[in-house]
Peer 1: 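One structure follows; several queries about it will come next.
If you're wondering where the values come from, they're calculated on a predicted model, not measured in any experiment. Here, residue 1 is the first one in the sequence, and each next residue gets the next number.
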Amino acid sequence: MYTYSVIKWLFFFYFYCFLGWCIESAYVSLHQKKLVNRGFMRGPFLPLYGSGAIMMLVVSMPFQEHLVLVYIAGCIGATILEYVTGVTMEALFKVRYWDYSDKKFNFQGHICLGTSLSWGLLTILMTRFVHRPVERLVLAIPGTALTIITLILTVEIACDFALSFKAAMDLRDVLVMMEKAKEELIHIQKRLDVIIALADNDIQARREEWIEAGAARKAAAAEQMAKLSENMTLKAGELKTGIEEAFAGLKQRALEKPSAYLESVREELGELRVKYRVSMEKRDGLGKSRRAYRHLLRSNPSMTSRIFMDAWEEFKKNMEYEPEDEEE
């Protein structure tokens, strides 16, 4: 049984955060063929590894003499920790820092069978081989020195975590606002479709047809909703192209046949033009807000967003071409 003080548990946590960062950064750097400061935080610490190591020590305590039970406890404990952490981070930040969706026997992309089985082996490795020399090293440090070191690390890591958390929340807000701007583009596209439809037919005749045919009106509404749903899957660039083509077509028709447009339609077109310009400026401006979030993408190259996929891909593309920022 482990009978450590709070200070010792904290120090073990920080130590394994650092060890996990070393292993993860080395692996990703070799895979990417360049140095990568892996992780959520800016400093050399990965809280998930520290939490995982402490969890392995805790869940294995009742079964230290039974290797199979240590393995099972490690599989279950680490899988729960990974799932809860993944769901929580995606709910908070709207992005995934890891995704097992392409792996066999995965659950919601947050966990998968292969990784869960590996956690059990890592728990045995941790409790039987890794922790014992680390324990001897830590216990050899004088109590006062260990306390001072731990408190300094606590302040540093807390500040780092707070700044990293704020950056991740700010990135989430950017993605949310980019998605809202896209929804505004969809609304503009929908109104332009209606105006074009009215311009191609006599407005009064169309109104009478709608009054006389309730069933047809419902079918048209259903078709319109289906089109709106289809628009939601379009990328912002595709919406932009469609809207600009619609504006150009309406302008040409108005020049050729001015009488086809009521004054209210002309006013609405003007309003839609203003909304379109504002929405595009807002979305483009948000997509270029990159300096504060560059570390998150560099440190987590596999990070993705299933909730705001279009906005996320556009944001990453905007971040790719900024060579003058590389030195910062």
Peer 1: With a 4.5 Å cut-off on side-chain heavy atoms, are E82 and W98 touching?
Peer 2: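 W98 vs E82: side chains touch.
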
Peer 1: Evaluate side chain to side chain contact (heavy atoms under 4.5 Å, CB included) for L122 paired with L125, printing each intermediate quantity in order.
Peer 2: CA-CA 5 Å; L122 287 174; L125 180 65; 4.3 Å; yes

Peer 1: Does the pair C112 and F107 meet the rule for a side chain to side chain contact (heavy atoms under 4.5 Å, CB included), with working shown?
Peer 2: CA-CA 6 Å; C112 71; F107 181 67; over 6 Å; no

Peer 1: Quick check: is L30 connected to Y27 through a chain of hydrophobic side chains (ILVMFWY, heavy atoms under 4.5 Å apart)?
Peer 2: no

Peer 1: Please round to the nearest 0.5 Å and tell me the distance separating atom CG of L19 and atom CD of E24.
Peer 2: 11.5 Å

Peer 1: Decide yes or no for I80 and M55: does some side-chain heavy atom of the first lie under 4.5 Å from some side-chain heavy atom of the second?
Peer 2: no

Peer 1: Relative to each other, are the rings of F93 and Y97 parallel, tilted or perpendicular (30° and 60° limits)?
Peer 2: perpendicular

Peer 1: Do other residues, nucleotides or ligands put more than 12 heavy atoms under 6.0 Å from the CZ atom of F18?
Peer 2: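 No, the 6.0 Å shell around CZ holds no more than 12 heavy atoms from other groups.
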
Peer 1: CZ of F105 to OG1 of T115: how many Å apart, nearest 0.5 Å?
Peer 2: 13.0 Å

Peer 1: In terms of heavy-atom contacts, does CG of L35 have more than 12 from other residues, nucleotides or ligands at under 6.0 Å?
Peer 2: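 No, the 6.0 Å shell around CG holds no more than 12 heavy atoms from other groups.
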
Peer 1: For T150 and L146, work out which heavy atoms get closest and say how close.
Peer 2: OG1-O, 2.7 Å

Peer 1: Quick one: do V130 and L81 end up in the same hydrophobic cluster if we chain Ile, Leu, Val, Met, Phe, Trp and Tyr together by side-chain heavy atoms under 4.5 Å apart?
Peer 2: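 V130 and L81: one cluster.
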
Peer 1: Looking only at heavy atoms, which two atoms of S101 and G109 are closest? And how far apart?
Peer 2: OG-CA, 3.6 Å

Peer 1: To check you understand the geometry: which heavy-atom pair defines the closest contact between R132 and R128, and what is its length?
Peer 2: CD-O, 3.5 Å

Peer 1: Would a 4.5 Å heavy-atom cut-off, applied to side chains only, mark V155 and L151 as touching?
Peer 2: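 They are not in contact (no side-chain heavy atoms under 4.5 Å apart), so the answer is no.
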
Peer 1: Does the ring center of F161 lie less than 6.0 Å from the ring center of F40?
Peer 2: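 Yes, ring centres under 6.0 Å apart.
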
Peer 1: Quick one: pull up SG in C17 and OH in Y49 and give me the separation to the nearest 0.5 Å.
Peer 2: 11.5 Å

Peer 1: Please report the shortest heavy-atom distance between P47 and F13, naming the atom on each side.
Peer 2: O-CE1, 3.8 Å

Peer 1: Check F15, Y4, Y14 against W9 for a ring pair (Phe, Tyr, Trp, His ring centres under 6.0 Å) and give me the one that passes.
Peer 2: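 Single pass found, and it is Y4.
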
Peer 1: I111, L117: one ILVMFWY side-chain cluster at the under-4.5 Å cut-off?
Peer 2: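 No, no single cluster joins them.
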
Peer 1: Any chance you could measure S164, atom OG, to I157, atom CD1, to the nearest 0.5 Å?
Peer 2: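 Here the interatomic distance stands at 11.0 Å.
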
Peer 1: Rounded to the nearest 0.5 Å, what's the gap from NE2 on H110 to OG1 on T79? Could you check?
Peer 2: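 One finds 13.5 Å between NE2 of H110 and OG1 of T79.
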
Peer 1: Taking atom CD1 of I141 and atom CD1 of I148, what is their separation to the nearest 0.5 Å?
Peer 2: 12.0 Å

Peer 1: For Q108 and Y100: C-alpha separation, side-chain torsions, deciding distance, then whether side chain to side chain donor-acceptor pair (under 3.5 Å) applies.
Peer 2: CA-CA 8 Å; Q108 298 178 354; Y100 298 125; over 6 Å; no

Peer 1: Between Y83 and V87, is any pair of side-chain heavy atoms under 4.5 Å apart?
Peer 2: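 Yes, close enough: below the 4.5 Å cut-off.
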
Peer 1: Do the side chain of D160 and the main chain of R42 share a donor and acceptor less than 3.5 angstrom apart?
Peer 2: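 It does hold such a pair.
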
Peer 1: Locate the shortest heavy-atom distance separating H131 from F12; write the atom from each residue and the value.
Peer 2: CE1-CE2, 3.7 Å

Peer 1: Please assess R96 against R306 for the test side chain to side chain contact (heavy atoms under 4.5 Å, CB included), listing each intermediate value before the final yes or no.
Peer 2: CA-CA 8 Å; R96 290 189 175 192; R306 291 177 170 270; 3.6 Å; yes

Peer 1: Could you check whether any side-chain heavy atom of L46 comes within less than 4.5 Å of a side-chain heavy atom of Y16, counting everything from C-beta outward?
Peer 2: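 Result no, sub-4.5 Å side-chain heavy-atom pair not found.
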
Peer 1: Check whether any side-chain N or O of R172 sits under 3.5 Å from a backbone N or O of L92 as a donor-acceptor pair, and report yes or no.
Peer 2: yes

Peer 1: Using atom types as modelled and distance alone, determine if a side-chain donor or acceptor of T123 lies under 3.5 Å from a backbone N or O of Y71.
Peer 2: no

Peer 1: Hey, any chance M61 and W119 share a hydrophobic cluster, counting ILVMFWY side chains that come within less than 4.5 Å of each other, even indirectly?
Peer 2: yes

Peer 1: Between S305 and V95, what is the shortest heavy-atom contact and its length?
Peer 2: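 The answer is CB-CG1, 3.8 Å.
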
Peer 1: Is it possible for you to say whether M303 and M169 belong to one hydrophobic cluster, with membership spreading through side-chain heavy-atom contacts below 4.5 Å?
Peer 2: yes

Peer 1: Is there a side chain to side chain contact (heavy atoms under 4.5 Å, CB included) between K104 and L113 once you walk through the steps?
Peer 2: CA-CA 7 Å; K104 291 183 178 179; L113 180 61; over 6 Å; no

Peer 1: Quickly, which of V70, I72, L69, I124 forms a side-chain contact (heavy atoms from CB on, under 4.5 Å) with S60? Name it, please.
Peer 2: V70

